[in-house]
Amino acid sequence: MTDDTFARTFPAGFTWGTATAAYQIEGAAAEGGRTPSIWDTYAHFSGRVDRNDSGDVADDHYHRWAEDVDHLAQLGVGAYRLSISWSRVIPTGRGPLNPEGVAFYRTLLTALRERGIQPYVTLYHWDLPQELEDEGGWTVRSTAEAFADYARAVVAELGDLVKVWTTLNEPWCSAYLGYASGVHAPGRSEPAGALAAVHHLNLAHGLAALAIREVEPDARVSVTLNLHVLRAADPTSEGDLDAVRRIDALGNRAFLAPMLEGEYPADLLADTAAVTDWGFVQDGDLEIVRQPLDVLGVNYYSTTTVSAGDAAAAPEDLGVESTAADGHRPSSHSAWVGSEDVKFAAPTGPLTSMGWNQEPAGLTELLVELGKRYPGQPLMVTENGAAFEDEESVDAVGRRRVHDAARVAYLHDHVDALGAAIDAGADVRGYFAWSLLDNFEWGWGYSKRFGIIRVDYDTLERVWKDSAHWYRRLSTTGALPAVTEVDPA
Ligand code: GBH
């Protein structure tokens, strides 16, 4: 616990922001020349999204962007992390740009510039154009090449307005949730395909980084990973420690090692040898994947505890548990290709409404460890936040209020944990709260709310939660406010 009498302060120049993603907030799914992405298809046809919600309307940000930029300005944030919808700017996935799609982002980015808000733009936050999925999606190499062309075209159009480009958001989710457990679009369950997707996403990152710098030599390039902070159920058990090693290989080192060290870990290749011979990795690929990163983005929500599994268990006992522990609905296949037998402990302690445990210390550990493993590599927390059951009320002077004390405490404790990592030597340059707005929470639809600003899904009105008031104090002072500092300005 922090002693709030001596508020923690952050370095001058530390970046405070909020984050969103295109499919989760934009809506206008069939407007302005946009064509379906894999998430449109999955939401409409898989039957696997809560209440069959979709991003058709979402927060209607496509029409309400000006109001949302006003909210960002009122929050006093210096940065805003958004993503571009690939099929809005290149409707067929490859080929000519759609001027109307480009114009939408140009207008939005210009408005951010006018308010002095630095955009952090992610090129891919899970919304692959459906046409490319029809050609094999991330299981085929040509998708990585199409991504580089898309990156080149977008940076040529918008590079004057954007300094920091992020290639991918959480390729772990795209590969394993999309192609192994199938709890994300495109909903396929093909273990070997998922590992091919891992490689093609890594390749896409490298090719895009090269393309971005080719067009804009001064651009800053980053990638955002969801790294797993792992604990052994029994730290004295060799089997449990080996489970940690295997999940670390699949979940963390499958991306970190090629991107930052130019190789796939030998143990990852060995652990997955029965699934694939990794023949999709071609000569020269790893040199492409390894590109200098101006920022390594990290998304952090909770920790994961694993133990050695029973390799002889019946297939129906494998994997199902692990995806359920992730808060997703049960699937016929585990996300953890080749390590389906590893057991995932049910989260304990205070949980969020995703069922995820709250463990701020995990964020400190993660950042400190990354700093040690990759000295000199600047880091940012590109997402952190929590879903809770928020309730609206009206205060004495008639204002709509949302008292989300649990979210304020979560943000407070995690920002504090980030500060502790800086104290311990980690080079962390920024923090983005997930999310600016309640939005389409993927497989959970609108049933889970991560926003610091509430969205009334009947009227699409935005209502500041206490966490937004709290976050405004943090971003405007650079000092950690007490959890009680939530009154409207
Ligand atoms: C992020 O995904 C997304 O970038 C964002 O779009 C989304 O809205 C937000 O978080 C909230 O979900 O070790 O098996 O227990 C985060 C998804 C959640 C995936 C935690 C991995 C733990 C995996 N991650 N999960 S496991």
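Order of listing sets the numbers, starting from 1, for every ligand and every atom in it. All values below come from the heavy atoms of this structure, side chains included, with hydrogens, waters and symmetry mates left out.
At least one N/O-N/O distance between Gln24 and ligand 1 falls below 3.5 Å. Of the polar atoms of Thr304, at least one N or O is found under 3.5 Å from an N or O of ligand 1, judged by distance alone.
The contact set between ligand 1 and His125, taken as ligand atoms under 4.0 Å from a residue heavy atom, comprises 3 (C), 4 (O), 5 (C), 6 (O). Distances below 4.0 Å separate heavy atoms of Trp442 from the following atoms of ligand 1: 5 (C), 6 (O), 7 (C), 8 (O). With ligand atoms numbered from 1 in the order given, ligand 1 contributes 4 (O) to contacts under 4.0 Å with heavy atoms of Asn169. Residue His228 has at least one heavy-atom neighbour below 4.0 Å for each of these atoms of ligand 1: 13 (O), 23 (C). Each of the atoms 19 (C), 21 (C) of ligand 1 lies under 4.0 Å from some heavy atom of Asn226.
Ligand 1 does not have Ala21 within reach: every non-hydrogen atom of the residue lies 4.0 Å or more from it. For Trp444, the heavy-atom gap to ligand 1 stays at 4.0 angstrom or more.
Between Phe255 and Leu225 the shortest heavy-atom distance is CB-CD2, 4.0 Å. Across all their heavy atoms, His205 and Val289 have their closest contact at CD2-O, 3.7 Å.
Aromatic ring centroids of Trp165 and Tyr120 lie 6.0 Å or more apart. Checked against the 6.0 Å centroid threshold, His199 and Trp138 do not count as a close aromatic pair. The aromatic ring centres of Trp16 and Phe10 sit less than 6.0 Å apart. Ring pair Tyr301/Trp434: centre-to-centre distance not below 6.0 Å. In this structure, Trp172 has its ring center closer than 6.0 angstrom to the ring center of Trp336.
Here the shortest heavy-atom distance to atom 1 (C) of ligand 1, taken over Glu383, Lys448, Glu441, belongs to Glu383.
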